[in-house]
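The chain is numbered in sequence order, starting from 1.
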Amino acid sequence: MRVGMGYDAHRLIDGDHIVLGGVEIPFSQKFLAHSDGDVLLHAIADSLLGAAGLGDIGVHFPDNDPQYKGISSLLLLERVREKIEEAGLRVQNVDSTIVAQQPKLMPFISQMRENIANVLGLDLSLVNVKATTTEKMGFTGSGEGIAAYAVCLLVGKWH
């Protein structure tokens with residue numbers, strides 16, 4: 001068994017939506033990012049790559065590579081899952097937390113969980129997504145950005 005931890009954060013700028021967990025959420029801002037900026041999926045991808053000893057998403061999908069400009073992070077997560085499987089591992093479960101003062105995320109969490117479970121080939125019960133605020137403290141509390149944390153468990157295919 002291998003445990004991985006991931007973290008990502010992106011600055012917010014004027015826009016009309018954000019993407020979290022592969023869900024487009026109407027909002028008065030957007031992420032300043034090379035890809036779609038999905039901090040939740042980036043944190044999950046980093047937790048998976050870390051558990052497998054494969055570096056991080058910046059190693060595999062550099063932000064200065066034009067092929068990843070605007071790319072869906074669901075596609076990046078799918079590629080990470082393939083790398084995990086090539087290493088002889090499979091995802092056992094994922095737990096994650098989004099840190100954002102706004103927007104309210106509860107109405108979108110079930111779809112986020114479904115998207116993640118589908119890409120990783122997991123039963124929905126093995127994927128957890130939570131959302132919290134920082135009571136207006138720090139960069140997430142002031143609305144400057146949104147962050148996400150994730151942990152995962154990988155097992156060898158033989159388990």
Are [X] and [Y] linked, directly or through other ILVMFWY residues, by side chains that come within less than 4.5 angstrom of each other?
X	Y	answer
Leu12	Val23	yes
Leu74	Val19	no
Val99	Ile109	no
Val151	Met112	no

Test side chain to side chain contact (heavy atoms under 4.5 Å, CB included), reference Cys152, set Asp46, Val3, Leu49, Leu48, output is Leu48

Exactly one candidate in Ile146, Thr134, Thr132, Thr140 meets side chain to side chain contact (heavy atoms under 4.5 Å, CB included) with Gln101; the answer is Thr134

Would a distance-only check, ignoring hydrogens and angles, find a side-chain to backbone donor-acceptor pair under 3.5 Å from [X] to [Y]?
X	Y	result
Lys130	Ser96	yes
Asp56	Val59	yes
Arg81	Val119	yes
Arg90	Val155	no

For [X] and [Y], work out which heavy atoms get closest and say how close.
X	Y	result
His60	Tyr68	O-OH, 3.5 Å
Asn128	Arg113	CA-NE, 4.2 Å
Ala52	Arg2	O-NH1, 3.3 Å

Would you check, one step at a time, whether the test side chain to side chain contact (heavy atoms under 4.5 Å, CB included) holds for Val129 with Ile116?
CA-CA 9 Å; Val129 175; Ile116 296 162; 3.9 Å; yes

Tell me every residue that passes ring-ring contact (aromatic ring centres under 6.0 Å, His included) with Phe27, counting only those two or more places apart in sequence or in another chain.
none

Run the ring-ring contact (aromatic ring centres under 6.0 Å, His included) test against Tyr7 and tell me which residues pass, sequence neighbours left out.
Tyr149

Between Glu114 and Asn118, is any side-chain donor less than 3.5 angstrom from a side-chain acceptor?
no

Got a salt bridge between Lys69 and Asp63, using NZ or NE/NH1/NH2 to carboxylate O under 4.0 Å?
no

Under a 4.5 Å cut-off applied to non-hydrogen side-chain atoms, are [X] and [Y] in contact?
X	Y	value
Gln102	Ile18	no
Leu154	Ile84	yes
Glu144	Arg11	yes
Pro107	Leu105	no
Leu126	Val94	no

I would like to know whether Ile25 and Leu20 meet side chain to side chain contact (heavy atoms under 4.5 Å, CB included); could you show each step before the answer?
CA-CA 7 Å; Ile25 300 169; Leu20 289 169; 4.1 Å; yes

Give the C-alpha distance, both sets of side-chain angles, the deciding distance and a yes or no for side chain to side chain contact (heavy atoms under 4.5 Å, CB included) between Met1 and Leu153.
CA-CA 7 Å; Met1 285 189 252; Leu153 178 66; 3.9 Å; yes

Donor-acceptor pairs under 3.5 angstrom involving side-chain atoms of residues 36-44: please list them, not counting sequence neighbours.
unit_1	atom_1	unit_2	atom_2	d
Asp36	OD1	Asp38	N	3.1
Asp36	OD1	Ser73	OG	2.5
Asp36	OD2	Ser73	N	2.9
Asp38	OD1	Gly21	N	3.0
Asp38	OD1	Leu40	N	3.2
Asp38	OD1	Leu41	N	3.1
Asp38	OD2	Gly21	N	2.9
Asp38	OD2	Gly22	N	2.8
His42	ND1	Asp8	OD2	2.9
His42	NE2	Ser35	OG	3.3
His42	NE2	Ser73	OG	2.8

Is it the case that atom CG in Asp123 sees more than 12 heavy atoms from other parts of the structure closer than 6.0 Å?
yes

Report the distance from atom CZ of Phe61 to atom NE2 of His34, rounding to the nearest 0.5 Å.
12.0 Å

